[in-house]
Amino acid sequence: MDYEQGLRAAGFVPEQGYRVLNAWPARQGAVPLWLVGVQALRTPCPPALAGTEVYKVADGKVARCRAEEVAGAEAIIIPPSGRGSEAERLVRVVATLRGEQGCPWDRRQTHAGLRRYLIEEVYEVLEAIDTQDSELLCEELGDVLLQVVFHAQLAAEEGLFSWEDVCRGIADKMIARHPHVFAPESGKQAAEVVADWEKSKFSFKKRKDILDGVPKGLPSLSLACKIQEKTARVGFDWDSVESAREKLREEWQEVREALAQNSPTRLEDECGDVLFATVNVLRHLGVEPETALRRANAKFCHRFQYVEECVRRSGKTWEETDLTELDAYWQEAKRGE
């Protein structure tokens, strides 16, 4: 029985990768391990593999047994470690949900129909990060992973690409992007690698313009920051944070002019310019705009909830509470942080 035939008989897909060994490994790997060699099979399995379910190959057949029960085997197949097998289990779960006997809701989904859920799950991951809730972060990352696997399953059904293609592509990309790690003999430093990577995108991804590839679906603050970062890499940028601040002051003056002209259309345009210029200042200060605004939103909500509770305890309605009282509650909320 050849390697690939044996792997298929054990339920594995050889194209996804495997390794052939002639001695017991110290532990399970990320892909199936095919152990051959009479001498290797006569030696006891390492303690780390004791109790592990393996596949015994003998007389052209494959049967399950424990690692310490392989007497008489011609070879054995050691399954991947739990890390890999759990990922494959998720792939099988999604495939089952999409199968003929699967869930009606899952079966009618499309890439476009799932778009909103991917966006929602990403924001829930950000919230878990902001609240420093590791348990919630683990759960929300799983929800994002589900979306990735689901999209890969849809593509596989259409004959476009598979989950394995997604994993292989990103792994290859990371290796190519980090020659200073995976090929240290190149002698390149991290900064040089980033510059080379940006240049390679134009040829590799067939991009023609500097702003090609900027995802237009990003939140507006993140999109503004991404646009500015892209153009800054080719030298189209303010030379200092003070220059960026001066541009912001200029944009505010144009807002005042738009107000004086009583022009709603121009006012909207100029306010947009103020926001864009603000992002530029924050970028020069090393502050990520989207994160900063998310924190400000959360801070405001926390303080406002305190004010709301104070109004409730006072026995007054909002209409009966003047701005001086509300501001006092607000200042109490700030001092309590």
Side-chain angles (χ1 to χ4, degrees), residues 111 115-116 118-119 121-123 125-126 129-130 144 148 166 169-182 186-259 261 263-298:
H111 289 297
R115 184 178 182 274
R116 57 167 288 200
L118 178 56
I119 294 172
E121 298 300 353
V122 169
Y123 276 103
V125 166
L126 295 178
I129 292 173
D130 290 342
V144 170
V148 176
V166 173
I170 190 61
D172 290 347
K173 181 189 291 187
M174 289 299 98
I175 292 172
R177 191 169 185 175
H178 298 85
H180 54 299
V181 176
F182 295 99
S186 67
K188 291 193 174 183
Q189 300 300 311
E192 295 177 90
V193 171
V194 171
D196 289 348
W197 180 255
E198 288 299 321
K199 292 178 182 176
S200 72
K201 285 183 179 179
F202 276 79
S203 56
F204 183 73
K205 296 195 173 184
K206 300 179 181 179
R207 293 177 179 171
K208 297 180 180 179
D209 301 319
I210 298 297
L211 296 179
D212 283 353
V214 175
K216 303 303 187 293
L218 284 173
S220 295
L221 286 178
S222 294
L223 178 59
C225 192
K226 190 70 173 179
I227 290 170
Q228 293 171 13
E229 288 172 346
K230 285 278 189 178
T231 56
R233 290 192 183 112
V234 294
F236 194 78
D237 194 13
W238 298 109
D239 56 6
S240 68
V241 66
E242 186 50 47
S243 298
R245 289 173 60 189
E246 183 57 39
K247 180 62 176 176
L248 178 57
R249 285 190 284 268
E250 177 186 318
E251 297 297 352
W252 268 116
Q253 179 57 38
E254 292 180 5
V255 168
R256 296 188 186 96
E257 293 171 3
L259 282 168
Q261 294 174 1
S263 172
T265 301
R266 187 188 173 194
L267 180 61
E268 183 178 272
D269 287 343
E270 299 302 344
C271 285
D273 290 343
V274 166
L275 290 173
F276 193 85
T278 300
V279 169
N280 227 335
V281 172
L282 295 182
R283 183 175 58 84
H284 276 271
L285 292 172
V287 175
E288 204 285 310
E290 190 72 27
T291 300
L293 185 56
R294 282 175 58 84
R295 292 185 64 179
N297 288 341

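Both backbone and side-chain heavy atoms feed into the values below; hydrogens, waters and symmetry mates do not.
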Could you pull out the closest heavy-atom pair between His284 and Ala244, with the gap in Å?
CD2-CB, 4.0 Å
So, Arg294 and Glu290, do they make that salt bridge, N to O below 4.0 Å?
no
Looking at Cys271 and Val255, what are the two nearest heavy atoms and their distance?
N-CG2, 4.0 Å
Would you mind reporting whether Ile170 and Lys173 have side-chain heavy atoms less than 4.5 Å apart?
yes
Measure the NZ-CG distance between Lys247 and Asp273 for me, rounded to the nearest 0.5 Å.
7.0 Å
Heavy-atom closest pair (Val144 atom, Val122 atom, distance to 0.1 Å) is CG2-N, 4.1 Å
Between OG1 on residue Thr278 and CG on residue Leu248, distance to nearest 0.5 Å
4.5 Å
Under the side chain to side chain donor-acceptor pair (under 3.5 Å) test, which residues partner Asp172, sequence neighbours left out?
none
Are any non-hydrogen side-chain atoms of Glu288 and Ser222 less than 4.5 angstrom apart?
yes
Atom CZ of Arg245 with >12 non-hydrogen neighbours under 6.0 angstrom
no
How far does CG of Asp130 sit from OH of Tyr123, to the nearest 0.5 angstrom?
11.5 Å
Could you measure the distance from the CD1 atom of Ile227 to the OG1 atom of Thr231? Nearest 0.5 Å is fine.
8.0 Å
Not counting sequence neighbours, which residues clear side chain to side chain donor-acceptor pair (under 3.5 Å) with Arg283? List them please.
Gln228, Asp237, Asn280
Within the side chain of Thr291, is there an N or O that forms a donor-acceptor pair under 3.5 Å with the backbone of Val287?
no
Are the side chains of Glu254 and Glu250 in contact, using a 4.5 Å heavy-atom criterion?
yes
Nearest heavy-atom pair of Val279 and Pro289: which atoms, and what distance?
CG1-CG, 3.7 Å
When rounded to the nearest 0.5 angstrom, what distance separates CG in Leu221 from NZ in Lys226?
15.0 Å
